[in-house]
Amino acid sequence: MTPDQLAAAIRHAVVTAIAEGDLALEPSMVPDEITVERPRNPEHGDYATNVALQLAKPAGTNPRAVAELVAVRLRDVAGIEDVDIAGPGFLNITLDAATLGELARSVVVAGETYGRIDRYAGQKYDVEFISANPTGPLHLGHTRWAAVGDAIARVLEAAGAEVAREFYINDRGVQMDKFGMSLEARALGVEPPEGGYQGGYVDELAQQIVAADPAILDLVGDARWEAFREAGYALQLQQQKDVLDHFNTHFDVWYSERSLHSSGAVERGFEKLREQGHMFEADGAVWLRTSDFDDDKDRVLVKADGELTYFASDTAYYLDKRSRGFDVNIYLLGADHHGYVNRLRAVSACAGDDPDVNIEVLIGQLVKMVKGGEEVRLSKRAGNMITLEDLVDEVGVDAARYSLIRYPVDSPLVLDLDLLVSRSNDNPVFYVQYAHARISSVLRGAADLGIDWRSADADLSLLTHERETALLGLIGELPRVVATASELREPHRVARYLEELANGYHKFYDVCRVLPMADAELEPINVSRLWLCAAARQTLANGLGMLGVTAPERM
RNA sequence: GCCUCCGUAGCUCAGUCGGAUAGAGCACCCGCCUCCUAAGCGGGUUGUCGCGCGUUCGAUUCGCGCCGGGGGCACCA
């Protein structure tokens, strides 16, 4: 019996008590989802619920009386062995061993689909993240989003949503021109223009460009730096794609800002906004009246000189996403873009959408890094930046992804390079992966001994040891963790859960011998425990998959 | 000034539909491998959950006000 099934059974018991006149309540007062939690103290049973405390007041009676009414009915439910009333009115529920044990079988049978839920079935999500300029390597801040954004997408998919990962290429504007001029300057061996790009990668790109097309230096006037700009753009974008590919983050859509303009999407967007009546002209510029919807001030779309603002692109881009059928558009932005939240939401509202539904802006605090006890400054222009590749080179893809995903994004993340560089074992990713490798080893051992546990007639009611039931309980949590993580867009909850699960396995393994001893016969308990191992391994693998982290067979 | 995030053990941090004795890792001390991976497990020590009110059966959690810290306020990209 899963926690969800138990919650449904409890709800049914409450509704029955009302129908039979024992509880003076309107059925509508009963919450749709009953809270079922695993008690910290194992003596409090497998699961506990606080419904009685919630319903006592509206029912005009005391919690323990309500608890008693529910308990009586719950005790008759198949699979429930015992129901206790404790403390102020908690219901402590113990499942019978067979019912709890069968969870292991259902997980193994479900395989890779275990943990997948249908909460967002039929909904289309767009998750936009990173969206860097193609003028340099991805830095650490981008890297955080590369890991977290992809994990959010994976968790949403696990919750049943159809998800597009989207990267918006800022390939338009003066930054691109400065990039081209900087490349040209370095190719000619002179200093880049003021505000231009610095750093070793600029030199390398310049050399690559000249090597591939020496004739580029023969161009004159603007044509030359424009040619450098285009060549550099192509190379740098490809570099970002390669790096992200290696990082196990794969985008479905790479959307060019230029194409937004060339395709007419900007005009289409303006037309939509004009229909909705929120555009106006003043001081020679064209504005969007975002202040009607919680923005501090109105925003300019077209400047007095006729140039489109960056905001115009943002606006058109949002409308283009909507026209592509996405119900929910999630933006992941750095804290330095915090001021954009209200105006983006206002764009949604100005377009006639519901900003509480169709758009969602997640703000992530920036990543800092310390080395040798001092903060490492990240500066794209300065050139002494830490890149995604640097981090991966130091700690590997799995550790990099995991350490970035493991924390909620609304708190600043400080990565201690010395700690990550040193092969110390305090990185939790190893702890989780080790559990998976350890189980894999046990299952290999079973195969070596010729134990065909899958087709054996397993009696899973034998899994009654404290560490066994605790592990079963943990395994059963994955679907609920997916529900919470997807709803809150917080994949770090999956990571924390996996650490608990790994801990539960290690504790089990330490006390419960799985394979028969060298000189012993195969006992039924060995087979039961192999099922438990297989279920734990599957759960770990599925959870790690949601983080884009590998589940190694050996370590 | 306005907005926003944060303040939990010596350190780094978990902990949202309000729940039972507030957790983990690191650090420190002590135990556990003749047989399934010791990258593991067990035990010991550590707290005015920033402060004060309020909401209620119950608040680390929700509301308000302070104190302390990070970030943000463009016809920039």
Side-chain angles (χ1 to χ4, degrees), chain A residues 31-33 35 37 39-41 44 48 50 53-54 56-57 62-63 86-90 92 133 135 170 172-176 178 257 282-287 296-305 307-311 313 334-342 363-366 368 406-414 416 419 423-435 437-446 448-449 467 484 487-488 490 492-493 495-496 499-500 502-503 505-520 526 529-530 533 554-555:
Chain A
D32 288 336
E33 291 182 34
T35 301
E37 52 185 21
R40 293 192 183 288
N41 188 340
H44 292 161
N50 63 350
L53 288 99
Q54 291 180 317
K57 188 155 194 179
N62 68 74
F90 288 102
N92 291 334
N133 297 331
T135 56
N170 290 120
R172 195 169 171 280
V174 300
Q175 289 308 311
M176 289 300 288
K178 284 182 177 166
E257 183 183 359
D283 306 327
V286 179
W287 300 67
D296 303 334
K297 56 198 295 189
D298 296 327
R299 306 289 170 178
V300 173
L301 290 165
V302 187
K303 293 190 262 188
D305 63 9
E307 283 293 306
L308 292 167
T309 61
Y310 195 82
F311 177 67
S313 295
D336 53 339
H337 286 69
H338 172 255
Y340 284 53
V341 177
N342 281 347
I363 294 298
Q365 298 297 319
L366 302 181
K368 288 181 184 173
R406 190 172 178 258
Y407 302 92
V409 293
D410 52 12
S411 59
L413 179 55
V414 179
D416 187 333
L419 206 67
R423 297 287 294 171
S424 65
N425 294 325
D426 57 2
N427 192 331
V429 69
F430 292 126
Y431 184 79
V432 176
Q433 289 184 316
Y434 179 61
R438 212 178 199 189
I439 302 171
S440 300
S441 173
V442 172
L443 295 178
R444 279 194 301 273
D448 291 346
L449 292 173
R467 301 270 172 105
T484 307
E487 273 173 37
L488 301 174
E490 292 184 348
H492 78 273
R493 288 169 185 277
R496 300 288 173 163
E499 289 165 30
E500 273 186 63
N503 181 241
Y505 183 79
H506 289 313
K507 285 181 171 182
F508 154 77
Y509 180 89
D510 192 53
V511 183
C512 299
R513 174 81 195 189
V514 178
L515 300 175
M517 293 290 205
D519 54 353
N526 299 125
R529 285 177 175 166
L530 280 164
C533 284
R554 301 168 198 271
M555 285 178 73

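Naming convention: chains lettered A, B, ... in sequence-line order (proteins, then strands); numbering from 1 in each chain.
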Let me have RNA chain B in dot-bracket notation, would you? Count Watson-Crick plus G-U wobble pairs, both distances under 3.5 Å, and use [ ] for pairs crossing earlier ones and | for inter-strand partners. (((((((..((((.....[...)))).(((((.......))))).....(((((..]....))))))))))))....

If you restrict it to nitrogen or oxygen atoms, what contacts under 3.5 Å exist between nucleotides 55-62 of chain B and the protein, and what is each distance?
unit_1	atom_1	unit_2	atom_2	d
B/C57	OP1	A/Lys57	NZ	2.7

Starting at atom OH of A/Tyr434, determine the distance to atom P of B/C36, rounded to an integer number of angstrom. 11 Å

If the condition is side chain to side chain contact (heavy atoms under 4.5 Å, CB included), which residues does A/Lys507 pass it with, not counting sequence neighbours? A/Arg467, A/Asn503

B/A74 P sits how many Å from A/Asp296 CG, rounded? 7 Å

By side chain to side chain donor-acceptor pair (under 3.5 Å), which residues pair with A/Gln365, not counting sequence neighbours? none

Give each protein N/O atom lying under 3.5 Å from an N/O atom of nucleotides 42-46 of chain B, with the pair distance.
unit_1	atom_1	unit_2	atom_2	d
B/G42	OP1	A/Lys507	NZ	3.3

Using the test side chain to side chain donor-acceptor pair (under 3.5 Å), find all partners of A/His506 that sit at least two apart in sequence or belong to another chain. A/Arg438

Send over the distance from A/His492 NE2 to B/A24 P, rounded to a whole Å. 17 Å

If the glycosidic angle is within 90 degrees of 0 it's syn, otherwise anti, so just tell me which one B/C35 is. anti

Provide, to the nearest angstrom, the distance between the CZ atom belonging to A/Arg172 and the P atom belonging to B/C76. 14 Å

Side-chain donor or acceptor of A/Thr35 under 3.5 Å from a matching atom on the base of B/C17? yes

Could you pull out all residues at least two apart from A/Val432 that satisfy side chain to side chain contact (heavy atoms under 4.5 Å, CB included)? A/Tyr402, A/Leu498, A/Glu499, A/Ala502, A/Leu540, A/Leu544

Rounded off to whole Å, could you give me the CZ-to-P distance for the A/Arg299 and B/C75 pair? 8 Å

Listed partners of A/Gln54 passing side chain to side chain donor-acceptor pair (under 3.5 Å), at least two apart: none

Could I get the full list of side chain to side chain contact (heavy atoms under 4.5 Å, CB included) partners for A/Asp298, not counting sequence neighbours? A/Phe280, A/Trp287, A/Arg289, A/Thr290, A/Ser291

What does A/Pro408 touch in the nucleic acid at a heavy-atom separation under 4.0 angstrom: a base, only the sugar-phosphate, or nothing? sugar-phosphate

Nucleotide of B/U37, B/G72, B/A39 approaching A/Phe430 most closely (side-chain heavy atoms): B/A39

Using a cut-off of under 3.5 Å, enumerate the N/O to N/O pairs linking the protein to nucleotides 5-10 of chain B.
unit_1	atom_1	unit_2	atom_2	d
B/C5	O2'	A/Asp410	O	2.6

Determine, step by step, whether A/Tyr505 and A/Phe508 satisfy the ring-ring contact (aromatic ring centres under 6.0 Å, His included) criterion, reporting the C-alpha distance in whole Å, the side-chain angles of both residues, the deciding distance to 0.1 Å, and the verdict. CA-CA 5 Å; A/Tyr505 183 79; A/Phe508 154 77; 5.5 Å; yes

Is A/Asn50 side chain donor-acceptor paired with the B/G19 base, going by distance under 3.5 Å alone? yes

Mind checking the P distance from B/G18 to B/A59? Whole angstroms is fine. 13 Å

With no angle test and no hydrogens, is the base of B/A20 tied to the side chain of A/Asn92 by a donor-acceptor pair under 3.5 Å? yes

What interatomic distance, in whole Å, is found between P of B/U16 and the corresponding atom of B/G50? 14 Å

Just call it for A/Gly87: base, sugar-phosphate, or nothing, with non-hydrogen atoms closer than 4.0 Å on any strand. nothing

Residues which pass side chain to side chain contact (heavy atoms under 4.5 Å, CB included) with A/Thr484, listed by chain and number, not counting sequence neighbours: A/Leu488, A/Arg493

Sugar-phosphate, base or nothing in reach of A/Val514, heavy atoms under 4.0 Å: base

Residues at least two apart in sequence or cross-chain that pass side chain to side chain donor-acceptor pair (under 3.5 Å) with A/Arg496, listed by chain then number, are none

